[in-house]
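Chain letters run A, B, ... following the sequence lines, proteins first and then strands; every chain starts at 1.
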2 protein chains.
Amino acid sequence: MMSLESVPPKYAQLVQTLQRRIESGTYGPGSLLPSENQLIQEFGVSRPTVVAALRVLREQGWIESQQGKGRFVRGRPAMSAVERNRPGQAYLIRPEAETSGEVVEVATVAAPNRIAALLELPSKSKAFVRRRLITDEGEPSMLVSVWLPAELSQGTDLTSAAPLPQGLHEHLQARKGVRFDHVAEQITARMPTAGEARQLGMGKSTPLLAVFGAVREASGRALLVVEVLLPADRHELDDAYPIG
Amino acid sequence: MMSLESVPPKYAQLVQTLQRRIESGTYGPGSLLPSENQLIQEFGVSRPTVVAALRVLREQGWIESQQGKGRFVRGRPAMSAVERNRPGQAYLIRPEAETSGEVVEVATVAAPNRIAALLELPSKSKAFVRRRLITDEGEPSMLVSVWLPAELSQGTDLTSAAPLPQGLHEHLQARKGVRFDHVAEQITARMPTAGEARQLGMGKSTPLLAVFGAVREASGRALLVVEVLLPADRHELDDAYPIG
DNA sequence: CCTGACAGGTTGTTTTACCAAGTGGAGCGT
DNA sequence: ACGCTCCACTTGGTAAAACAACCTGTCAGG
């Protein structure tokens with residue numbers, strides 16, 4: 001006799017209600033939000049519930065509060081999710097089959113200096129690389145490479161040229177028990193090699209944006225590196241961050 | 001007779017204490033944190049205080065909690081400040097006098113397409129640009145340009161070639177009453193023009209990393225654009241972000 | 001008129017209390 | 001031996017109350 005769908009907690013409902021009112025202009029930017037007591041009366045909840053909701057809104061940047069005066073509307077936080085066009089991140093989560101492209105290289109080679117440094121391996125160590133050419137509407141779009149230490153690639157399906165039916169995170173967590181925590185990224189630009197220009201169908205005088213994303217676990221240990229090569233005339237990177 | 005230095009609230013003290021214990025290894029990564037009741041007893045505070053401290057730690061990524069089991073130590077959040085080498089951001093805050101470089105251009109010109117789009121101006125509008133060549137140990141290092149709509153540049157000291165004694169944010173807030181809120185960034189790469197290569201002392205076949213940072217106020221209205229041009233053989237961009 | 005005390009508003013912090021939901025083990029019954 | 005219930009313990013959420021710190025307008029006294 002239990003209700004199967006659980007209702008969200010009251011403070012979360014209040015958050016949503018107030019967000020909608022700010023977005024709809026009921027509470028305009030710069031204006032004073034109703035005081036805690038007014039919200040308590042209007043919604044029939046206790047003060048801790050109201051305060052919890054307002055704390056969430058403040059931490060998300062919707063409002064700012066000033067002791068003794070009240071809480072002021074800032075507007076929809078343009079920053080909420082720090083939207084970023086993060087090439088290669090989709091690759092960590094989505095199965096290869098869901099993106100159009102082909103595996104162009106599967107090999108164990110001596111790691112380039114930058115890769116070895118990011119993986120915290122001795123210079124000239126062997127590393128496993130799986131390289132895919134991603135296409136967009138039939139046209140070559142970018143080169144995405146995954147670099148792993150040799151021991152992490154063993155026992156995985158990455159050594160096969162067949163597309164992975166799982167996301168990279170899911171696969172490595174199931175097979176090797178590792179958990180991704182964060183990515184440390186380096187962004188550079190350079191001219192393409194002849195082979196890269198041919199594979200990507202780009203002019204030899206067009207620069208290449210190179211993004212190296214070192215995926216680490218919570219302890220900081222590097223697990224793998226995702227290298228994304230983007231012809232600069234067809235891609236750009238977007239980011240957004242708050243400022244103090 | 002009031003104490004001049006105000007003591008931080010109890011929950012904030014608890015946060016600091018627990019952070020120190022995690023960093024020192026007293027609470028190792030993966031281990032179970034003492035339960036709420038144990039912390040209540042040890043520190044002699046009430047449950048909401050303990051919960052408030054643990055909520056902060058969870059939101060900052062130090063611990064994760066699992067209902068019915070307990071709270072687990074994750075370790076120092078490598079992400080806390082999302083450390084990023086943000087060229088141009090220092091320019092918003094620090095006075096020009098504190099960085100070595102010279103003003104190479106101060107003019108009102110037709111805004112390039114990308115600048116006009118970021119400033120939300122009609123195409124081919126006039127915009128004010130202040131361009132500086134930053135030097136590092138005597139060598140030219142990067143070109144930093146600030147683009148403003150004409151009306152925002154009026155009444156400021158930006159039209160003078162003399163170095164600003166204030167940070168850009170401070171100056172514009174004092175003179176025009178605007179408040180910076182966030183930055184929307186675009187990162188591209190291209191070949192340098194002949195003039196840029198000469199000013200930056202770089203090879204004509206070296207690509208240029210171009211970072212366009214649109215500074216906006218909380219409402220989303222664009223205030224100005226900071227354009228940073230970096231020779232790709234001498235600079236790279238670093239970023240870090242959590243993954244879920 | 002000006003100044004200062006004061007009253008009443010606001011948010012910030014802390015406590016006590018209770019219930020709900022999830023986990024895991026002890027112990028009972030079959 | 002197996003499965004089951006129940007209990008103890010965990011975190012999550014809500015309510016009611018009090019005090020502290022801060023802001024602002026009012027009002028009395030100079």
Side-chain angles (χ1 to χ4, degrees), chain A residues 1-19 21-22 27-74 77, chain B residues 1-19 21-22 27-74 218:
Chain A
M1 85 289 275
M2 324 265 304
S3 67
L4 289 182
E5 80 278 12
S6 59
V7 293
K10 286 186 185 178
Y11 78 93
Q13 297 179 30
L14 224 184
V15 166
Q16 283 203 323
T17 301
L18 295 176
Q19 282 175 344
R21 291 194 182 175
I22 291 176
Y27 301 148
S31 67
L32 203 55
L33 218 60
S35 74
E36 294 177 0
N37 278 326
Q38 288 172 317
L39 293 174
I40 289 169
Q41 296 227 334
E42 176 177 356
F43 294 96
V45 296
S46 70
R47 185 165 176 235
T49 303
V50 169
V51 170
L54 294 171
R55 176 177 47 73
V56 172
L57 289 175
R58 186 185 50 186
E59 285 169 353
Q60 294 185 354
W62 292 77
I63 64 177
E64 53 187 314
S65 48
Q66 223 167 320
Q67 197 175 30
K69 297 184 72 174
R71 294 183 166 90
F72 297 87
V73 179
R74 292 189 56 186
Chain B
M1 83 294 267
M2 322 267 303
S3 66
L4 289 181
E5 78 281 7
S6 59
V7 294
K10 287 187 185 177
Y11 75 93
Q13 297 180 29
L14 224 183
V15 167
Q16 283 203 323
T17 300
L18 295 177
Q19 282 175 343
R21 291 193 182 175
I22 292 176
Y27 301 147
S31 68
L32 202 56
L33 219 59
S35 75
E36 294 177 1
N37 278 326
Q38 289 171 317
L39 293 174
I40 290 169
Q41 296 227 334
E42 176 176 358
F43 293 96
V45 296
S46 71
R47 182 166 176 245
T49 302
V50 169
V51 170
L54 294 170
R55 177 176 47 72
V56 172
L57 289 176
R58 186 184 50 186
E59 285 168 354
Q60 293 186 354
W62 292 77
I63 62 177
E64 53 188 312
S65 49
Q66 223 167 320
Q67 197 176 29
K69 297 182 71 173
R71 293 181 166 94
F72 297 88
V73 179
R74 291 189 59 185

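Here dA20(D) presents its P atom at 18 Å from OH of Y11(B), a figure rounded to the nearest Å. The nearest whole Å value for the distance from the CD atom in E64(B) to the P atom in dG12(D) is 12 Å. Rounded to whole angstrom, the span from the CZ atom of F43(B) across to the P atom of dT14(C) amounts to 14 Å. In this structure, I40(B) atom CD1 and dT14(C) atom P are separated by 14 Å, rounded to whole Å. What separates CG of L32(A) from C1' of dT10(C) is a distance of 9 Å, to the nearest Å. Between L14(B) atom CG and dT15(C) atom C1' the separation is 15 Å, expressed in whole Å. Across the protein-nucleic acid pair, Q13(A) atom CD and dG12(D) atom P stand 19 Å apart, rounded to whole Å. In this structure, the NZ atom of K10(B) is 9 Å from the P atom of dT16(C), given to the nearest Å.
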### Query
Step by step, would you call L14(A) with L54(A) a side chain to side chain contact (heavy atoms under 4.5 Å, CB included)?
CA-CA 9 Å; L14(A) 224 184; L54(A) 294 171; over 6 Å; no
### Evaluation steps, side chain to side chain contact (heavy atoms under 4.5 Å, CB included), between L33(B) and Y27(B)
CA-CA 7 Å; L33(B) 219 59; Y27(B) 301 147; 3.5 Å; yes
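Annotation: side chain of R55(B) is in contact with side chain of R55(A) (closest heavy-atom distance under 4.5 Å).
The pair R21(A)-E42(A) meets the salt-bridge criterion, since a charged nitrogen lies less than 4.0 angstrom from a carboxylate oxygen.
R55(A) comes within 4.0 angstrom of nothing in the nucleic acid, heavy atoms only. Using a 4.0 Å heavy-atom criterion, one finds that V45(B) contacts the sugar-phosphate atoms exclusively.
A donor-acceptor pair under 3.5 Å links the side-chain atoms of Q38(B) to the main chain of S35(B), judged by distance alone.
Of the side-chain N and O atoms in R71(A), one or more sit less than 4.0 angstrom from OP1 or OP2 of dG12(C). N37(A) has no side-chain polar atom (N or O) that falls below the 4.0 Å cut-off from OP1 or OP2 of dG9(C). Using a 4.0 Å cut-off, no side-chain N or O of T49(A) falls inside it from OP1 or OP2 of dG13(D). In this structure, S65(A) reaches the dG12(C) phosphate: one of its side-chain N or O atoms is under 4.0 Å from OP1 or OP2.
Side chain of S35(B), nearest nucleotide from dG12(D), dT15(C), dT11(D): dT11(D). Out of dT10(C), dT11(D), dA15(D), the shortest distance to the side chain of E36(B) is found at dT11(D). In this structure, the nucleotide among dT11(D), dT11(C), dT14(C) sitting nearest to the side chain of S46(B) is dT14(C).
Comparing K69(A) and P48(A) by the nucleotide of DNA chain C that holds the closest heavy atom to each, the one mapping nearer the 5' end is K69(A). For the pair G44(A) and Q67(A), nearest-nucleotide mapping onto DNA chain D gives the more 5' position to G44(A).
At a cut-off of 3.5 angstrom, counting only N and O atoms as typed in the model, there is a donor on one side and an acceptor on the other between the side-chain of R47(B) and the base of dG12(D).
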